[in-house]
Amino acid sequence: MYYPDGRRFLTSVELHQQAQESEQRARQLEEELAAEKVRSQRLAEQLKRLGIDPDSQV
């Protein structure tokens with residue numbers, strides 16, 4: 001079966017595989033975000049030790 005624009009419908013197996021891939025990518029992005037937050041916090045701490053307010057607007 002095909003959509004009116006000529007693309008074919010995905011099978012249930014293909015849809016399931018796409019869902020799993022999307023979930024895996026979302027988990028990976030969440031892990032990357034958490035790592036970036038930790039990195040940001042470390043950099044802010046280093047700036048504070050140097051007497052620089054990382055939250056100040058310059």
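Keep in mind that the numbers below use all heavy atoms, side chains included, and drop hydrogens, waters and symmetry copies.
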| message | Enumerate the salt bridge (charged side-chain N to carboxylate O under 4.0 Å, His left out) contacts for residues 5-18, please, sequence neighbours excluded, ordered by first and then second residue. | response | D5-R7, R8-E14
| task | Not counting sequence neighbours, list each pair that qualifies as a ring pair (Phe, Tyr, Trp, His ring centres under 6.0 Å) and has a residue in residues 33-54. | result | none
| note | Taken in chain and number order and not counting sequence neighbours, the residues that satisfy ring-ring contact (aromatic ring centres under 6.0 Å, His included) with Y3 are F9
| query | With ILVMFWY side chains joined below 4.5 Å, transitively, what does V38's cluster contain besides itself? | reply | none
Check residues 20-31 and write down every donor-acceptor pair under 3.5 Å in which the side-chain atom is one partner and the other belongs to a residue at least two apart or another chain.
| unit_1 | atom_1 | unit_2 | atom_2 | d |
| --- | --- | --- | --- | --- |
| Q20 | NE2 | H16 | NE2 | 3.1 |
| E21 | OE2 | Q17 | NE2 | 3.4 |
| S22 | OG | Q18 | O | 3.1 |
| R25 | NH1 | Q28 | OE1 | 3.3 |
| Q28 | NE2 | E32 | OE2 | 3.3 |

| field | Of all pairs that satisfy ring pair (Phe, Tyr, Trp, His ring centres under 6.0 Å), the ones with a partner from residues 27-57, not counting sequence neighbours | value | none
| field | Members sharing L43's hydrophobic cluster (side chains within less than 4.5 Å) | value | none
| field | ring pair (Phe, Tyr, Trp, His ring centres under 6.0 Å) contacts in which one or both residues fall within residues 19-57, not counting sequence neighbours | value | none
| said: Per the ring pair (Phe, Tyr, Trp, His ring centres under 6.0 Å) rule, what does the pair list look like for residues 21-42, sequence neighbours excluded? | reply: none
| Under the salt bridge (charged side-chain N to carboxylate O under 4.0 Å, His left out) rule, what pairs show up with a residue in residues 39-52, not counting sequence neighbours? | E36-R39
